Protein chains: 2
Amino acid sequence: MATKAKVKVGNPYHQHRERQRRRILDAAKEIFDERGIDRTTMAEIMAATGLRASTLYEYFSKKDDIVWAIFSDMIEEDSARAKIAVEGATTGLAKIMALLEHMADQLSNDSAKIRFMAQFDAMYARDWPVERLLTLEGQLNDIGFEGFKKLIREGIDDGSLRRGLDPDLTLHAVINAVIGAQRRLASLGTKVELEYGQSIDSLFKEMIRIVEFGLRAPAPSNKNGPAPRVKARKGSKGKRTL
Amino acid sequence: MATKAKVKVGNPYHQHRERQRRRILDAAKEIFDERGIDRTTMAEIMAATGLRASTLYEYFSKKDDIVWAIFSDMIEEDSARAKIAVEGATTGLAKIMALLEHMADQLSNDSAKIRFMAQFDAMYARDWPVERLLTLEGQLNDIGFEGFKKLIREGIDDGSLRRGLDPDLTLHAVINAVIGAQRRLASLGTKVELEYGQSIDSLFKEMIRIVEFGLRAPAPSNKNGPAPRVKARKGSKGKRTL
DNA sequence: AGTTAATTCGTATTTACAGTACGAAATCGA
DNA sequence: TCGATTTCGTACTGTAAATACGAATTAACT
C-alpha cells in the first residue's frame, strides 16, 4: 500500500485511476463468468489487464474486494433501470408485472450479470451486512416497499387483485421467488435448453404468467358479493423450525 | 461392530472404508455449511475427522471430489423421499402441489442440505454433465416427466387446471422457479427473516399458494364466490376431484 | 500365538496462489 | 525542466493443496 494519498476528485490522476479501476473490474467480471469466481486466480486477472501484481494490488487489496466492487456497481447500475421500468405502470399488479418483465429482460440481455449475482449470493451471502440483503428489492426504494404494499392493498380493494393477499407476505414471496428462478436459469444456462427443449426466456416468462394468474382476482365478471373475506393468514412469524 | 455380515472377499476392510468415508463426508458437510464450501480448507476437515492429510487423500483425491460425493449422496437420498411424497396424490395439480409441499418441508427441516445445493449449483453448475441437470426434477423419474405431463393434460381436460397451459412448459417453469426460490431462501436464511419480518417458511408457502392459484382453473361459473380457498395440505379431497 | 494385508501415521516435499515490499523506471501535468 | 503519481520488475512471505513413502498400527485369518 504505497501512497494512496489524497487524490482529489476530478484530478487528471484521479480520472486515470478511475479508468484503470474500470478496466480491472471489467476484465475480472468477464473471467469470473468464464471460470467461476472461486476458480479465478489473480494471475489471470493480471494477464487480462496486463498489469503486474504490485499494480493490481494498488487498486484492490484482495480478490474479495474486486468481487464486492463488481457487485456494488451492478446493484447501483440496476437500481436506476428497475425504477424506470416500473415507472409507467399505475396499479399494483401492473407495477409488479412491469418489474417482472424487467427481470425477464435482464435474463435475456444481461445473463452474465445474473450469473454473477447467483454466484455472489451463494458464496458471499453469509458475509453480508443485513442492509445489503435487499439487492434488487432494495432498489425499489424510490417506490419503496411501503408504496408497493399500498398499491397491493389498493389492488385488492378495487378488485384487480385476489382477496386474502397479505401485501407484506405476497410482495416478498413473489419477488424472492422470481429472483431465485431468474438466477437459477441464468446459472444453468444452456443446459436447461438442451435438456428441456425450452428456451430460458420462455420458461421464465411462463413463470411470470403463472404468478400473474396467481395474484389476479378470479373473475372480473363477479360483481361484488361479499365473497369470503379471507383473513390474510399472517405468516407464522418467528415460529419456524430451522 | 454390530453386523459382521457375510465375509466376502475384501469385505471387512471395505466396510471400514465405507464408515470412514461417511465420517469424512459428514464432517465436511457440516464445515461446508458453517464456513462455505470455498472457504473450507482441507486442514479443517482433517481436524474435524482427526485424520492426517495422507489418510484423507486416500479417500478423496481432491476437495472437489468431496463436494461431488456429498452432492451425489444428497440427490440419491432425496430421490426416494420425493417419490414417496408424491405417491398419494392422484391428479396432476395434486401431485404438483404434493411435490411443492415436500419442498417446503425440506426447506424447514433440512435447510442445510438446501444451502449446500445452492452453493453447489452456483459454483459447480458449469462443470455438470448435462445428465445431472435434472437433480430434483430427475428424481421424479418413477412418475416420470411424461407421466406428469399427462396428468397436467388430463387436468386441463377435466377443467381442474387452467386452459392454455402447455404441459411441458408449465411443468419445467414451475419446478425450476420453486427450486430457485427454495435455494435462495435457504441461502439467505435468517437474514430474510430479520429484514422482512416474515419467516422463511411462510414466504415459501405463500409462493406455493400463488403458484397453485396460478395453475388452477378459474372458479367454475357457479356463484359461490370466487376461488374457494383450498389448501393442498393433506389429501386435498372433495372439492377439486377431477 | 504369529503372519499377512489393509490402513493410518509422521513427516517431508512440491506446487500454486495470495498478497507484500520496495526501488527503479516510466508517465503525466505544470 | 520539476515533482507528483503510477507502473514495473523482482524478490519475498505465507498459506494451502496435493503427493510420496517408510514406519507404525490395526484387523483378519490361521
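Quick caveat, the model's predicted, so the values are computed rather than measured. Below, chains carry the letters A, B, ... as their sequence lines are ordered, and counting in each starts from 1.
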Answer with yes or no whether the side chains of [Y] and [X] bring together a donor and an acceptor at under 3.5 Å.
{"X": "A:Q20", "Y": "A:R23", "value": "yes"}
{"X": "A:D65", "Y": "A:S61", "value": "yes"}
{"X": "B:D121", "Y": "A:S187", "value": "no"}

Rounded off to whole Å, could you give me the [atom1]-to-[atom2] distance for the [X] and [N] pair?
{"X": "A:D64", "N": "C:dA18", "atom1": "CG", "atom2": "P", "answer": "11 Å"}
{"X": "A:R17", "N": "D:dA4", "atom1": "CZ", "atom2": "C1'", "answer": "13 Å"}
{"X": "A:I45", "N": "C:dG19", "atom1": "CD1", "atom2": "P", "answer": "10 Å"}
{"X": "B:Q15", "N": "D:dA28", "atom1": "CD", "atom2": "C1'", "answer": "12 Å"}

Q: Would you mind classifying the nucleic acid contact of B:Y59 as base, sugar-phosphate or nothing, using non-hydrogen atoms under 4.0 angstrom?
A: sugar-phosphate
Please tabulate, one pair per line, each protein N/O and nucleotide N/O from nucleotides 8-17 of chain D that are separated by under 3.5 Å, including the distance.
unit_1: D:dC8; atom_1: OP2; unit_2: A:R52; atom_2: N; d: 3.3
unit_1: D:dC8; atom_1: OP2; unit_2: A:T55; atom_2: OG1; d: 3.0
unit_1: D:dG9; atom_1: OP2; unit_2: A:R52; atom_2: NE; d: 3.0
unit_1: D:dG9; atom_1: OP2; unit_2: A:R52; atom_2: NH2; d: 2.8
unit_1: D:dG9; atom_1: O6; unit_2: A:S54; atom_2: OG; d: 2.8
unit_1: D:dA17; atom_1: OP1; unit_2: B:M42; atom_2: N; d: 2.7
unit_1: D:dA17; atom_1: OP2; unit_2: B:M42; atom_2: N; d: 3.2

(Q) What residues from residues 18-30 of chain A pass a heavy-atom cutoff of under 4.0 Å to DNA chain C? (A) none
Q) Any side-chain N or O of A:H14 less than 4.0 Å from the OP1 or OP2 oxygen of D:dT5? A) no
Q) Given C:dT8, is OP1 or OP2 found less than 4.0 Å from the side-chain N or O atoms of B:H16? A) yes
Q) Donor-acceptor pair, B:E193 side chain versus B:I200 backbone, under 3.5 Å? A) yes
(Q) Determine whether a donor-acceptor pair (N or O, by modelled atom type, separation under 3.5 Å) exists between the side chain of A:E206 and the backbone of A:L203. (A) no
Q.
As a test of understanding, state which of A:Q182, A:R81, A:K113 forms a side chain to side chain donor-acceptor pair (under 3.5 Å) with A:Q106.
A. A:Q182
Q | Nearest atoms (heavy-atom pairs only) where B:F204 meets B:L100 | A | CE2-O, 3.9 Å
Q | Aromatic A:Y124 / basic B:R39 pairing, under 6.0 angstrom, 45° off normal | A | yes
